[in-house]
2 protein chains.
Amino acid sequence: MGAEAATTNMTASQLYAALKRDLIDGRFTAGQKLAITVLRQRYGVGLSPLRETLNRLAAYGLLEQENQRGFRVPALKRAELDDIADLRRRLEGLALAQALQAGGDEWEAGLLAAFHRLKRADETPGQLEHWEQMHLQFHRHLLEPCGSAWLLRFIEQLHDQFDRYRRMAPANDTIRETLNLQHGQLVELAMARDVPAARALLEEHIRLSHEVARGACREDQTRPEEGD
Amino acid sequence: MGAEAATTNMTASQLYAALKRDLIDGRFTAGQKLAITVLRQRYGVGLSPLRETLNRLAAYGLLEQENQRGFRVPALKRAELDDIADLRRRLEGLALAQALQAGGDEWEAGLLAAFHRLKRADETPGQLEHWEQMHLQFHRHLLEPCGSAWLLRFIEQLHDQFDRYRRMAPANDTIRETLNLQHGQLVELAMARDVPAARALLEEHIRLSHEVARGACREDQTRPEEGD
DNA sequence: CCATAGTAAAAAATCGATTTTTTACATCAT
DNA sequence: ATGATGTAAAAAATCGATTTTTTACTATGG
């Protein structure tokens, strides 16, 4: 499977970041059981830091921890994606309204910069990983000054969950183009401090992404089976 | 400090529950650094399950994990309590509106039962731990059928955070009485499916609790100091 | 006298081995 | 032939010891 199997030793926080990204990127089969021994070799770490990382990721919601039966990659469930997307839409709507009221000059400057980097990444194909990073940073920056650390925390968590589906889904170039345009429009509405319009657009943006992400869900959704 | 230091061996999930409750109950000093060796003896467990539990609790937000410097009980910050309470109010408002639309007969029956148990606990002083449990179950049951597992998850998390402050705060019998009355009124409005009124009452309920919980915050809030 | 570098003690993190639990398989009884 | 029971292999969880990192103290130089 993976080509990222480095025997290089990693620190605990690096391991957490690496495993988290591999999960969101869909480098493990959904529903798959994770064999500790395999992971140990794959990431070149010992048991303790690995198990601690798995525990953290389970608490975060990117892994499922079964009683005394180890860890498992969560299955992709259409109903759960709908839940995640709906909630994400509502929470980001709240956060955006507050961000537009609270964001200052410094924030505007940063937003323009983040958008610029994202647009550059749009135009440069083949750099998927870089685009993903710029995209995440753009959305993060947009809501940053909303004033609620906990709201931002939950939004980030939902975003990670959502991305796991989105990145599993087949590409849709038509929608993708619209989504890219919306980023620019979001910047304009944000600078104009047009709360209702910006909020409506962001919610529409998430709805469209939701449509794309749905492609990750198999139609037959009645399988409590193993994934290996 | 603790009188719950049992040398009895515990399973990992029991340890998680015990440590979580001790944190929410305020049995550790806020801001305190947790010495692994001490915890090992206090709960009668080995290193691995203990460290895994600490990692989970840190991911959940009930502990802070510093780079290579172990774990620390988060300080009680007034600004954070305000954030938690405000967000809790908004999220529970959302959830209640949906729950009133979706809840069926079975839910109504369970709500009445949960309220009954809570009222019994109100009238029986000295059983603080039991009351806390009934109180949590009542609020949990109220929002249960809202239809969003992730929303419920976040609400639970905020509730735990909030309770850590509330249980540190000095008792306020006047407000406490009002809060108890509101539980009954909530049941009535919920059964009547009066969404706006129920929602307004629940939000007021949280606002009042917030006032009480504020008593946990020291007035001088400019101390990044050690706590031991 | 204060600051800085070095050193020793303490704490945290990691490792490899042991113990416990689960799962798969085969045997026996119905 | 099917289901239940016991056994062996595999996997997960836990333990105690080792290694690494941090912190507190001391001595030395400015």
Side-chain angles (χ1 to χ4, degrees), chain A residues 1 5-20 23 28-29 31-60 62-75 223-228, chain B residues 1 5-20 23 28-29 31-60 62-75 223-228:
Chain A
M1 182 189 290
T7 324
T8 319
N9 278 39
M10 320 171 97
T11 179
S13 52
Q14 287 177 318
L15 174 62
Y16 178 81
L19 194 44
K20 178 178 174 184
L23 283 166
F28 296 97
T29 310
Q32 178 189 4
K33 197 159 161 319
L34 292 179
I36 307 265
T37 328
V38 176
L39 292 180
R40 250 198 54 151
Q41 296 179 324
R42 172 164 173 167
Y43 296 98
V45 294
L47 244 67
S48 307
L50 177 57
R51 284 191 57 85
E52 289 177 21
T53 297
L54 293 174
N55 272 279
R56 284 171 66 183
L57 287 168
Y60 189 69
L62 279 171
L63 281 179
E64 285 169 0
Q65 187 167 19
E66 304 170 76
N67 203 1
Q68 311 262 112
R69 248 155 282 178
F71 297 86
R72 178 177 295 277
V73 181
R223 301 274 300 277
E225 237 65 51
E226 290 268 18
D228 206 12
Chain B
M1 183 187 288
T7 323
T8 319
N9 279 37
M10 320 172 96
T11 179
S13 52
Q14 287 177 318
L15 174 62
Y16 178 81
L19 195 42
K20 178 178 173 184
L23 283 166
F28 296 98
T29 309
Q32 177 188 7
K33 195 159 162 318
L34 292 179
I36 308 265
T37 328
V38 176
L39 292 180
R40 250 198 55 151
Q41 296 180 323
R42 172 163 172 165
Y43 295 98
V45 295
L47 244 68
S48 307
L50 177 56
R51 283 192 58 84
E52 288 176 20
T53 297
L54 293 174
N55 272 279
R56 284 171 66 184
L57 286 168
Y60 188 68
L62 279 172
L63 282 179
E64 286 169 359
Q65 187 167 19
E66 304 170 75
N67 203 3
Q68 311 261 113
R69 246 155 285 176
F71 297 86
R72 178 178 295 278
V73 181
R223 302 272 300 277
E225 238 62 51
E226 291 268 21
D228 210 346

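Please read these numbers as outputs of a predicted model, since none were measured by experiment. Labels below follow one simple rule: chain letters A, B, ... track the order of the sequence lines, proteins then strands, and each chain is numbered from 1.
One end of the helix from dC1(C)-dG30(D) to dT30(C)-dA1(D) points its axis 10° away from the other end's axis, with each axis taken from 5 pairs and the angle rounded to 10°.
Straight-line distance from the CG atom of Asn55(A) to the C1' atom of dT14(D): 13 Å, rounded to whole Å. Rounded to whole Å, the distance from CD on Gln14(B) to C1' on dT14(D) is 15 Å. Note: CG (Leu34(A)) to P (dA10(D)) measures 20 Å, nearest angstrom. Atom CZ in Arg51(A) sits roughly 15 Å away from atom P in dC15(C) (whole-Å rounding). Separating the CG atom of Leu50(B) from the P atom of dC15(D) is a distance of 10 Å, rounded to the nearest angstrom. The OH-P distance, from Tyr16(B) to dA13(D), rounds to 16 Å in whole Å. What separates CG of Leu54(B) from P of dA11(C) is a distance of 16 Å, to the nearest Å. Summarising the geometry, the separation between CZ on Arg40(B) and P on dA13(C) is reported as 15 Å, rounded to the nearest angstrom.
Smallest separation of non-hydrogen atoms from Leu63(B) and Pro74(B): CA-CD, 4.0 Å.
Closest contact between the side chain of Phe71(A) and the listed nucleotides dT14(C), dA12(C), dA13(D) involves dA13(D). Considering only side-chain atoms of Pro49(A), the nucleotide from dG16(C), dT14(D), dT14(C) that sits closest is dT14(C).
Separation of atoms CG (Leu57(A)) and OG1 (Thr53(A)) is listed at 6.5 Å; rounding is to 0.5 Å.
At least one side-chain heavy atom of Leu39(A) sits less than 4.5 Å from a side-chain heavy atom of Phe28(A). Counting heavy atoms from C-beta on, the side chains of Leu62(A) and Leu19(A) never come closer than 4.5 Å. In this structure the side chain of Thr29(A) never reaches within 4.5 angstrom of the side chain of Val73(A), judged on heavy atoms.
Looking at heavy-atom distances under 4.0 Å, Leu47(A) makes contact with a base.
Nearest-nucleotide positions on DNA chain C for Ser48(B) and Thr37(B) put Thr37(B) closer to the 5' end.
For Ala12(B), there are no side-chain contact (heavy atoms from CB on, under 4.5 Å) partners at least two apart in sequence or on another chain. Under the side-chain contact (heavy atoms from CB on, under 4.5 Å) criterion, Arg69(B) pairs with Glu66(B), not counting sequence neighbours. Not counting sequence neighbours, the partners of Tyr60(B) by the side-chain hydrogen bond (donor to acceptor under 3.5 Å, both in side chains) test are Asp160(B). Remark: Gln65(A) pairs with Asn55(A), Ala58(A), Phe71(A), Arg56(B) by the side-chain contact (heavy atoms from CB on, under 4.5 Å) rule, at least two apart or across chains.
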Between N or O atoms, less than 3.5 Å apart, protein on one side and nucleotides 20-23 of chain C on the other: list the pairs.
none

